[in-house]
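Structure, as structure tokens:
Numbers for residues simply follow the sequence, beginning at 1.
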Amino acid sequence: LGSSHNNEATLAEQGNEALLQRIATETTGTFTHSQGKEELLVVFKHLQRTDWAFVIDQSLDHTLQPLNRIFRVNVAGAVVILLILSLLIMQLFHRQIVQRLRDMLRVTMTVRQGDFSPRITVTSSIPDEITELTDSFNTMIAQLEQTVGDLQEEIGVRTQAEAILADHQGNLERIIEERSAALQKEVEERQRTEERLVRAEKLEMIGTLAGGVAH
């Protein structure tokens with residue numbers, strides 16, 4: 001038995017029978033072995049055409065130390081990469097969603113004040129839910145602008161019609177007043193004519209009566 005640490009006597013001590021038995025019965029192998037409080041990683045291989053077996057044994061903690069170092073480096077790298085990706089995702093989220101929602105809110109406040117001229121700028125060439133919402137919102141603003149324009153035009157037409165109707169009503173009232181005054185004048189003239197006619201008839205009857213008395 002040849003060991004890489006020149007500890008053949010230690011490996012052959014009492015209590016290592018299982019280790020020696022495994023090395024003796026197998027051609028090659030790798031296993032862990034407890035020696036006192038230390039955990040050893042044992043790798044062995046029998047030399048061809050000899051009764052010798054060459055053994056490499058090393059502390060498992062010492063063996064895993066590079067792996068632990070690699071693990072820590074990988075973990076630190078993964079954390080850094082995750083942090084960078086998180087920042088990129090946050091920036092992308094802010095640019096693709098938050099900023100576009102703020103633009104939509106700004107245009108909404110302008111529309112709320114009665115100005116239908118602004119439109120939301122489509123900043124993304126990739127169709128997504130925000131882009132569809134933006135297109136729908138711009139279409140809704142255009143429809144509102146068209147509806148308000150039609151209503152204002154209709155209100156203008158109605159206002160003009162009401163003004164014309166008020167003018168006609170004034171003319172009609174003036175005509176009625178003029179006709180009423182003329183009719184009143186005609187009635188008064190007729191009353192005076194009738195009074196003169198009645199007076200003439202009375203004078204004629206008095207004349208006839210006087211002539212009869214004279215006769």
Side-chain angles (χ1 to χ4, degrees), residues 76-215:
V79 170
V80 172
I81 293 175
L82 183 60
L83 181 60
I84 294 174
L85 289 177
S86 300
L87 294 176
L88 291 177
I89 291 174
M90 290 177 60
Q91 183 179 3
L92 181 63
F93 179 80
H94 183 273
R95 185 167 59 89
Q96 292 293 331
I97 297 179
V98 175
Q99 186 62 39
R100 295 160 73 183
L101 290 177
R102 286 180 178 175
D103 294 339
M104 188 177 298
L105 180 60
R106 176 180 53 80
V107 174
T108 302
M109 297 300 296
T110 306
V111 172
R112 183 179 178 182
Q113 296 174 358
D115 185 7
F116 298 95
S117 59
R119 296 292 185 272
I120 303 174
T121 305
V122 180
T123 58
S124 177
S125 59
I126 302 175
D128 54 10
E129 290 78 4
I130 301 296
T131 303
E132 294 178 0
L133 181 61
T134 301
D135 294 338
S136 300
F137 200 82
N138 287 334
T139 303
M140 183 186 68
I141 294 176
Q143 292 176 352
L144 284 174
E145 184 178 14
Q146 181 66 31
T147 302
V148 171
D150 294 341
L151 287 176
Q152 290 178 349
E153 184 178 357
E154 184 177 354
I155 291 173
V157 172
R158 289 191 177 186
T159 303
Q160 185 177 3
E162 289 176 356
I164 295 173
L165 183 61
D167 185 55
H168 287 328
Q169 184 176 0
N171 293 333
L172 181 60
E173 291 177 353
R174 186 174 64 255
I175 292 173
I176 291 175
E177 290 178 357
E178 292 176 355
R179 293 291 178 86
S180 298
L183 182 60
Q184 182 68 27
K185 185 177 180 181
E186 184 178 351
V187 170
E188 292 176 354
E189 186 68 26
R190 180 172 296 181
Q191 288 178 352
R192 287 193 294 269
T193 302
E194 289 178 353
E195 291 176 356
R196 287 195 297 269
L197 181 60
V198 170
R199 191 161 48 254
E201 289 179 351
K202 289 181 179 180
L203 291 175
E204 184 180 359
M205 290 177 61
I206 291 174
T208 302
L209 179 62
V213 172
H215 181 69

*Hey, could you give me the CD1/CG distance between I81 and L88, rounded to the nearest 0.5 Å?*
11.5 Å
*asked:* For M90, is the CE atom crowded, meaning more than 12 foreign heavy atoms sit under 6.0 Å from it?
replied: no
*asked:* Would you say that more than 12 heavy atoms from the other residues, nucleotides or ligands in this model lie under 6.0 Å from the CZ of R196, or not?
replied: yes
*Between CD1 of I84 and CD1 of I89, what distance do you get to the nearest 0.5 Å?*
12.0 Å
*Using side chain to side chain contact (heavy atoms under 4.5 Å, CB included) as the criterion, list what pairs up with I155, not counting sequence neighbours.*
T159
*Counting heavy atoms not belonging to R119, are there more than 12 under 6.0 Å from its CZ?*
yes
*Hey, are Q184 and E188 close enough side-chain-wise for a donor-acceptor pair under 3.5 Å?*
yes
*asked:* Tell me whether E154 is salt-bridged to R158, with the criterion being a basic N under 4.0 Å from an acidic carboxylate O.
replied: yes
*Considering the options I141, D115, N138, T134, which one meets the side-chain contact (heavy atoms from CB on, under 4.5 Å) requirement together with V107?*
I141
*Nearest 0.5 Å please: distance from the CD atom of Q169 over to the CD atom of E162.*
11.5 Å
*In Å and rounded to the nearest 0.5 Å, what is the CD1 to CG distance from I176 to N171?*
11.0 Å
*In Å, rounded to the nearest 0.5 Å, how long is the span from CD of Q160 to CD1 of I164?*
5.0 Å
_CD1 on I206 to CG on L209, rounded to 0.5 Å_ = 8.0 Å
*Look only at the side chain of D167 and the backbone of A163, and say whether a donor-acceptor pair between them is shorter than 3.5 Å.*
no
*Going by the side-chain contact (heavy atoms from CB on, under 4.5 Å) test, name the single residue among K185, E186, Q191, R192 that passes it with E189.*
R192
*Test V198 against K202 for side-chain contact (heavy atoms from CB on, under 4.5 Å), laying out the working first.*
CA-CA 6 Å; V198 170; K202 289 181 179 180; 3.8 Å; yes
